[in-house]
Amino acid sequence: MPELPEVETTRRGIAAHVIGRRVTQVCVRQAALRWPVAPDLSETLAGQVIREVGRRGKYLLLGFDHGTLLVHLGMSGNLRLVPGALAPMTHDHVDWLLDDGQALRLNDPRRFGAVLWTAGPVGQHPLLKELGPEPLSEAFSAAYLHARARNRRVAIKSLLMDAHVVVGVGNIYANEALFMAGIHPARAAGHIALARYERLVEAVRQVLNEAITAGGTTLRDFVGSDGRPGYFAQQLRVYGRAEAPCRTCDSPIRHLRQGQRSSYFCPRCQR
DNA sequence: CTTTGCACCTGTTGGC
DNA sequence: TGCCAACAGGTGCAAA
């Protein structure tokens with residue numbers, strides 16, 4: 001589910017409500033997420049104040065004085081603010097009860113998400129250490145992408161979705177950005193000129209910003225921290241639009257399988 | 001080192 | 001209505 005815009009929507013939605021709040025208790029109903037949730041998480045966090053809510057790629061970072069909690073939403077997760085007494089629904093795996101009676105509640109049907117505590121410098125965490133630059137930062141440039149693509153035969157779409165190259169770009173936005181840049185998703189990354197990477201970098205930035213503005217993309221079950229869906233789905237240019245007319249040239253959008261992921265592209269606009 | 005494919009898990013959808 | 005296969009927003013890891 002969540003790519004960068006959905007995680008950022010969640011971050012913005014919870015930040016003002018939880019910063020400065022004290023965690024009174026953590027209730028773990030299902031510890032078997034992608035990695036087991038630490039059994040002593042409640043002892044670790046009880047009485048501690050949430051100082052900041054950050055994001056690195058698709059990881060949400062809850063900053064405390066003595067460490068950081070990494071929260072990943074996986075494919076189907078969402079994090080909502082609810083009244084602490086609200087009865088849990090199925091797949092409501094973790095609650096962070098706060099000192100104002102509210103609770104942060106993690107719901108994740110597929111359980112690909114993660115909740116991990118780290119006491120050390122968060123940037124040194126094994127899962128974060130090797131990540132590529134943020135797509136909305138200066139470090140993500142055409143020169144950088146071009147250099148990373150040098151001598152690589154992988155499809156450009158795979159490269160774009162590789163978090164070690166750039167974080168936050170998942171299947172939906174990779175498809176959208178390649179359409180906007182006029183690049184065929186299966187083109188070998190090493191066979192794309194610098195000028196075309198300029199277009200691609202701009203397209204990635206534009207589509208992510210548009211999606212953040214719309215509150216993310218809800219295909220099935222994504223909801224922000226207030227329980228409302230994102231509205232970017234209606235602005236999708238190619239994703240999920242197989243056989244539908246290209247919004248630019250009317251050619252039927254084509255579907256393709258790359259790896260285990262669905263790709264959508266316009267055979268006329270993308271080369 | 002690069003590339004490919006699997007694994008993790010539940011739920012929905014479409015074909016027969 | 002039931003059953004089964006395919007597919008879904010991610011990504012670490014093993015194997016080739």
Side-chain angles (χ1 to χ4, degrees), chain A residues 1-11 29-37 55-60 70-79 89-94 106-116 125-132 135 147-177 185-191 204 207-208 211-212 214-224 229-236 238-243 255-264:
Chain A
M1 169 232 15
E3 300 183 38
L4 187 150
E6 292 74 36
V7 177
E8 180 62 18
T9 295
T10 301
R11 190 193 71 76
R29 297 182 197 84
Q30 170 60 276
L33 302 186
R34 173 140 200 205
W35 292 283
V37 179
R55 178 186 60 73
R56 180 72 177 97
K58 298 171 190 167
Y59 290 90
L60 280 166
L70 278 63
V71 178
H72 197 289
L73 301 178
M75 200 91 131
S76 58
N78 64 65
L79 201 54
M89 310 273 283
T90 29
H91 308 308
D92 280 343
H93 304 315
V94 182
L106 175 72
N107 181 283
D108 183 9
R110 292 179 72 179
R111 290 195 267 128
F112 290 169
V115 175
L116 299 168
H125 190 281
L127 291 173
L128 304 187
K129 201 177 176 183
E130 309 293 333
L131 292 180
R148 289 300 303 264
R150 201 176 140 82
N151 296 330
R152 297 286 307 270
R153 281 178 287 184
V154 278
I156 181 58
K157 178 161 177 269
S158 302
L159 190 83
L160 213 45
M161 292 176 67
D162 181 349
H164 295 100
V165 174
V166 58
V167 297
V169 183
N171 199 35
I172 295 178
Y173 302 114
N175 278 294
E176 295 297 300
R187 176 168 290 275
H191 292 178
V204 168
V207 73
L208 293 180
I212 291 169
T217 298
T218 297
L219 295 181
R220 172 175 291 122
D221 49 18
F222 172 75
V223 291
Y231 296 100
F232 193 68
Q234 55 208 74
Q235 295 176 58
L236 291 174
V238 287
Y239 185 88
R241 298 190 63 243
E243 307 306 321
H255 177 257
L256 169 81
R257 214 140 235 291
Q258 293 182 277
Q260 336 291 69
R261 317 308 292 266
S262 272
S263 294
Y264 302 88

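Letters go in sequence order (proteins before strands), and every chain restarts at 1.
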Would you say [X] places a side-chain N or O within less than 4.0 Å of OP1 or OP2 belonging to [N]?
X: Arg261(A); N: dT11(C); result: no
X: Thr218(A); N: dG9(C); result: no
X: His72(A); N: dT11(C); result: yes

[atom1] gap between [N] and [M], integer Å:
N: dC3(C); M: dC9(B); atom1: P; result: 24 Å
N: dT12(B); M: dT11(C); atom1: P; result: 23 Å
N: dT3(B); M: dG9(C); atom1: P; result: 23 Å

Polar-atom pairs under 3.5 Å, protein N or O versus N or O of nucleotides 12-16 of chain C: list them with distances, or write none.
unit_1	atom_1	unit_2	atom_2	d
dG12(C)	OP1	Tyr59(A)	OH	3.2
dG12(C)	O4'	Arg34(A)	NH2	2.8

**Asked** Are the ring of Phe112(A) and the base ring of dC8(B) both nearer than 5.5 Å at their centres and tilted by less than 30°?
**Response**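 It does: the two rings, one from Phe112(A) and one from dC8(B), meet the stacking criterion.
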With no hydrogens and no angle check, just 3.5 Å: does a side-chain donor-acceptor pair link Thr217(A) and Tyr173(A)? yes
**Message:** Pairing donors with acceptors under 3.5 angstrom, does anything connect the side chains of Ser263(A) and His255(A)?
**Reply:**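 Result is no, nothing qualifies.
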Do any N or O atoms of the protein come closer than 3.5 Å to N or O atoms of nucleotides 11-15 of chain B, and which pairs are they?
unit_1	atom_1	unit_2	atom_2	d
dG11(B)	OP1	His91(A)	NE2	2.6

key: Sub-4.5 Å side-chain heavy-atom contact between Val71(A) and Tyr59(A)   = no
By salt bridge (charged side-chain N to carboxylate O under 4.0 Å, His left out), Arg34(A) pairs with (sequence neighbours left out) none
By side chain to side chain contact (heavy atoms under 4.5 Å, CB included), Arg153(A) pairs with (sequence neighbours left out) none
Go through the steps for Asp92(A) and Asp108(A) under the test side chain to side chain contact (heavy atoms under 4.5 Å, CB included), then give the verdict.
-> CA-CA 7 Å; Asp92(A) 280 343; Asp108(A) 183 9; over 6 Å; no
Dot-bracket assigned to DNA chain B with the 3.5 Å Watson-Crick/G-U criterion, [ ] for crossing and | for other-strand pairs, is .|||||||.|||||||
Between [N] ([atom2]) and [X] ([atom1]): distance, integer Å:
X: Leu4(A); N: dG10(C); atom1: CG; atom2: P; value: 11 Å
X: Leu219(A); N: dC7(C); atom1: CG; atom2: C1'; value: 12 Å
X: Gln260(A); N: dA5(C); atom1: CD; atom2: P; value: 18 Å
X: Met75(A); N: dC7(C); atom1: CE; atom2: P; value: 13 Å
X: Gln30(A); N: dC8(B); atom1: CD; atom2: P; value: 15 Å
X: Asn78(A); N: dG9(C); atom1: CG; atom2: C1'; value: 12 Å
X: Leu70(A); N: dG10(C); atom1: CG; atom2: C1'; value: 15 Å
X: Leu159(A); N: dT2(B); atom1: CG; atom2: C1'; value: 12 Å

task = Check the pair Leu106(A) / Asn78(A) against side chain to side chain contact (heavy atoms under 4.5 Å, CB included), numbers first and verdict last.
result = CA-CA 6 Å; Leu106(A) 175 72; Asn78(A) 64 65; over 6 Å; no
Review point. Which part of the nucleic acid, if any, lies within reach of Ser158(A) when heavy atoms closer than 4.0 Å are counted: base, sugar-phosphate only, or nothing?
Key: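 Contact class for Ser158(A): none.
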Checking Leu160(A), Val207(A), Val166(A) against Pro135(A) for side-chain contact (heavy atoms from CB on, under 4.5 Å), the one that qualifies is Val166(A)
### Message
Assess the residue pair Leu60(A) and His72(A) against the criterion (side chain to side chain contact (heavy atoms under 4.5 Å, CB included)); give the C-alpha distance rounded to whole Å, side-chain angles, the decisive distance to 0.1 Å, and a yes or no.
### Response
CA-CA 6 Å; Leu60(A) 280 166; His72(A) 197 289; over 6 Å; no
For side chain to side chain contact (heavy atoms under 4.5 Å, CB included), just list the numbers for Ile156(A) and His191(A), CA-CA rounded to whole Å, side-chain angles, deciding distance to a tenth of an Å, and then say yes or no. CA-CA 9 Å; Ile156(A) 181 58; His191(A) 292 178; over 6 Å; no
Between the side chain of Arg55(A) and the main-chain N/O of Lys58(A), is any donor-acceptor distance below 3.5 Å? no
Contacts of Tyr239(A) meeting ring-ring contact (aromatic ring centres under 6.0 Å, His included) (sequence neighbours excluded), chain-then-number -> Tyr264(A)
